[in-house]
> 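Structure below; questions to follow.
Ligands are counted one by one from 1 in listed order, and the atoms in each one are counted from 1 as well. Note that the structure is predicted; figures quoted are calculated from it, not measured.
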Amino acid sequence: MTKKFPCTKCGACCSSIEGIGFLELYNQNGVCVNLVEGECSIYTDRPLLCRIDETYEAVFSVYMSKEEFYTLNAKACNELQERLGIDERYRVFI
Ligand code: SF4
């Protein structure tokens with residue numbers, strides 16, 4: 001298993017933040033205002049929730065293995081991508 005979550009930078013999560021309380025500050029019609037030309041403009045300072053590996057260590061490591069966490073995240077990424085019609089080359093595989 002990879003040491004870091006293999007995010008493909010599809011931008012699907014950044015385009016689906018409606019209703020996520022912690023990110024409401026950045027919400028503009030469901031899209032994060034920091035998503036600029038397909039890239040996060042505050043990447044090094046992005047919230048914890050946007051940092052999959054750090055979120056695992058800070059919150060989920062007591063509940064599940066990293067592999068389980070990655071698998072759940074990849075499933076969510078791929079479902080979101082399909083819902084948004086994002087090209088298959090961005091699918092996440094663990
Ligand atoms: S939806 Fe998944 S693969 Fe796409 S940018 Fe977000 S974390 Fe990365």
> Please state whether the separation between atom 2 (Fe) of ligand 1 and some N/O/S atom of C7 is under 2.8 Å?
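False for C7.
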> In terms of side-chain geometry, is the basic nitrogen of K75 or E79 positioned less than 4.0 Å from the acidic oxygen of its partner?
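Answer for the salt bridge query: yes.
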> How long is the span from the OH atom in Y26 to the SG atom in C14, to the nearest 0.5 Å?
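That separation rounds to 12.5 Å.
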> How long is the span from the OG atom in S16 to the CD atom in Q81, to the nearest 0.5 Å?
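Answer rounded to 0.5 Å: 10.0 Å.
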> Confirm or rule out an N/O/S atom of C13, from backbone or side chain, lying less than 2.8 Å from atom 6 (Fe) of ligand 1.
yes
> So how far is it from E82 CD to Y90 OH, rounded to the nearest 0.5 Å?
16.0 Å
> Give a yes or no on whether the backbone of F5 and the side-chain of D53 come within a donor-acceptor separation of less than 3.5 Å.
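Side chain of D53 to backbone of F5, a donor-acceptor pair under 3.5 Å: yes, one is there.
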> Is a donor from one side chain sitting under 3.5 angstrom from an acceptor on the other, for T71 and E68?
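There is no such pair (donor and acceptor under 3.5 Å, judged by atom type) between the side chains of T71 and E68.
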> Which ligand 1 atoms, with their elements, are less than 4.0 angstrom from a heavy-atom of V92?
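Answer, ordered by atom number: 3 (S).
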> Looking at ligand 1, is there an atom of it that comes within less than 4.0 Å of some heavy atom belonging to N73?
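It does not, in that no heavy atom of N73 comes within the 4.0 Å cut-off of ligand 1.
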> Suppose we measure from atom 4 (Fe) of ligand 1 to each protein heavy atom; which comes out shortest, and what is that distance?
C10 SG, 2.3 Å
> For atom 2 (Fe) of ligand 1, which protein heavy atom lies nearest, and how many Å away is it?
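Sorting protein heavy atoms by distance from atom 2 (Fe) of ligand 1 puts C77 SG, 2.4 Å first.
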> Regarding K66 and E57, does a basic nitrogen lie under 4.0 Å from an acidic carboxylate oxygen?
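Looking at E57 together with K66, the answer is yes, because their closest N to O distance falls below 4.0 Å.
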> Which of the numbered atoms in ligand 1 are under 4.0 angstrom from any heavy atom belonging to T8?
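In order of number, 3 (S), 8 (Fe).
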> Give the atom numbers and elements of ligand 1 that come within less than 4.0 Å of a heavy atom of I52.
7 (S)
> Could you tell me whether ligand 1 has any atom less than 4.0 Å away from a heavy atom of L80?
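Judged by the 4.0 Å heavy-atom criterion, L80 does not count as contacting ligand 1.
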